[in-house]
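Read through the structure below, which is laid out as structure tokens, and then see the notes.
Values below: every heavy atom of this structure, side chains too, minus hydrogens, waters and symmetry copies. Below, chain A is the first sequence line, B the second, and so on; all start at residue 1.
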There are 2 protein chains.
Amino acid sequence: MAVATARKPAVPTAERILDVAERLVQTRGFKGFSYADVAEHLGITKASLHYHFPGKAELGEALIVRYSARFAGALERIDAKVPSAGAKLDAYVELYAKVLRARRMCLCGILAAEFETLPGPMRDAVVRFFDDNQAWLATVLTRGQADGVLSFRGTAEDAAQSLISGLEGAMLLARPYADPRRFESAARRLLAGVVADPER
Amino acid sequence: MAVATARKPAVPTAERILDVAERLVQTRGFKGFSYADVAEHLGITKASLHYHFPGKAELGEALIVRYSARFAGALERIDAKVPSAGAKLDAYVELYAKVLRARRMCLCGILAAEFETLPGPMRDAVVRFFDDNQAWLATVLTRGQADGVLSFRGTAEDAAQSLISGLEGAMLLARPYADPRRFESAARRLLAGVVADPER
DNA sequence: GTCTATAGGCAGATAGAC
DNA sequence: GTCTATCTGCCTATAGAC
């Protein structure tokens, strides 16, 4: 129970570290930020960071785990609130668009580009993120197809993969052009590719 | 005219440096390789590299310029040899597939992920690469549409952007899974999205 | 939990001999 | 053109006081 005089720091240090590191990775990549960067932004020392996360590899893994959990939560909320398959896909795309509007790349998308240089545990966590997304999308696509509101060729898993890679690619290229419309335009086209044609 | 006894080194040192650096960037990213890496692979010293390319920024720019020129040459050859718009698109996708089969990412795709940390001249060169690709694709799409073999909604420029980002995203995600089929499957779906439906 | 201080390594880069 | 030698800076990481 919350007491009136209770005052824990609004956000624990470990979380604040993750917040700053997450932003830096999403904008500059995993090799593009340092403990010194994070420390400076938080007004603490590098040594303190090592207390919360022993090494950069552990910090990186924690970033992906938290990001994936937050994403999974968002997908659950979509499932709970949005009934139709088409609207679920719209909401899914909006998750990406929101990241891009913050001028960030998808965390796991940018880490996919650096995949070769990542520590093993980080690699595994990145792949899990995409597997989870694919599974969720495949379910939505399958139900949408059964309901007749969605239409696509091949397996739902296949179509889900294409959607994810299409969205990640659209984010990747939107940033150099600093133009979110580049993403939105590509996203609309991707969605149009799985929506059942009403003229048929 | 070539003389029988003439023997320049088969490949000039600067080219060999670019060859090694290109492979390293395409697999590990621009921040993922060092002058020491390149020097070791070539059996020369770091200092020698600085003779050919004063700094990493100049080396990086030279990489993109050469890569773009080679790509432009490939597009010219496609234009010269391949008549139909559909086959041109197939040949275009094959350019990407070939890179991926060498277990590399598109040079400018991986640099797009690192865009924020790149020197200005490298950024400009990356954007030019994508602009050139978009222009070529838009021309192919426009002619294909006029000929009735291709069909897509919106502008050709828009569709070209979507194709490029779709292909880049498919490469990006194929590598963590070490599975070229992931790329091929997504590429087929992208092409199917612009091919005129014969049933219409 | 946070600090100061520092270790140890590797990065990009330069000077100057050959 | 290539070398040796060296510089400077930043990186990750640790020891140990408070």
The criterion is side chain to side chain donor-acceptor pair (under 3.5 Å); which residues satisfy it with [X], sequence neighbours excluded?
| X | value |
| --- | --- |
| A:S34 | A:D37 |
| B:Y51 | none |
| A:T142 | none |

_Neighbours of DNA chain D within residues 38-60 of chain A, by heavy-atom distance under 4.0 Å_ =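 Result for residues 38-60 of chain A: A:K46, A:A47, A:H50, A:G55, A:K56, sorted by number.
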*Check DNA chain D against residues 21-29 of chain B and give the residues with a non-hydrogen atom under 4.0 Å, in numerical order.*
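Within this stretch, nothing sits under 4.0 Å of the strand.
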Among residues at least two apart in sequence or on other chains, which ones pass ring pair (Phe, Tyr, Trp, His ring centres under 6.0 Å) with [X]?
| X | result |
| --- | --- |
| A:Y67 | A:F129 |
| A:H50 | A:Y35 |
| A:F183 | none |

*Not counting sequence neighbours, which residues clear side chain to side chain contact (heavy atoms under 4.5 Å, CB included) with A:E94? List them please.*
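In terms of side chain to side chain contact (heavy atoms under 4.5 Å, CB included), with neighbours along the sequence ignored, A:E94 is linked to A:A97, A:K98, A:R101.
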*asked:* Under the salt bridge (Lys or Arg N to Asp or Glu O under 4.0 Å) definition, can you give me all pairs with a residue in residues 57-75 of chain B, not counting sequence neighbours?
replied: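 Counting only pairs at least two positions apart or across chains, the salt bridge (Lys or Arg N to Asp or Glu O under 4.0 Å) contacts touching residues 57-75 of chain B are B:E15-B:R66, B:D19-B:R66, B:E22-B:R66, B:E22-B:R70.
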Contacts table for residues 25-32 of chain A: side-chain donor-acceptor under 3.5 angstrom, sequence neighbours left out:
| from | atom 1 | to | atom 2 | distance (Å) |
| --- | --- | --- | --- | --- |
| A:Q26 | OE1 | A:R104 | NH1 | 3.0 |
| A:Q26 | NE2 | A:M105 | O | 2.8 |
| A:T27 | OG1 | A:R23 | O | 2.8 |
| A:T27 | OG1 | A:L24 | O | 3.2 |
| A:R28 | NE | A:G32 | O | 2.7 |
| A:R28 | NH2 | A:G32 | O | 3.2 |

*Contact boundaries of DNA chain C with chain B (under 4.0 Å, heavy atoms), 5' to 3'?*
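Footprint of chain B along DNA chain C, 5' to 3': C:dA11 to C:dA15.
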*Provide, to the nearest angstrom, the distance between the OH atom belonging to A:Y35 and the P atom belonging to D:dG9.*
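Checked: the OH to P distance equals 25 Å.
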*Hey, could you give me the NZ/CG distance between B:K88 and B:D90, rounded to the nearest 0.5 Å?*
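Going from the NZ atom of B:K88 to the CG atom of B:D90 covers 12.5 Å.
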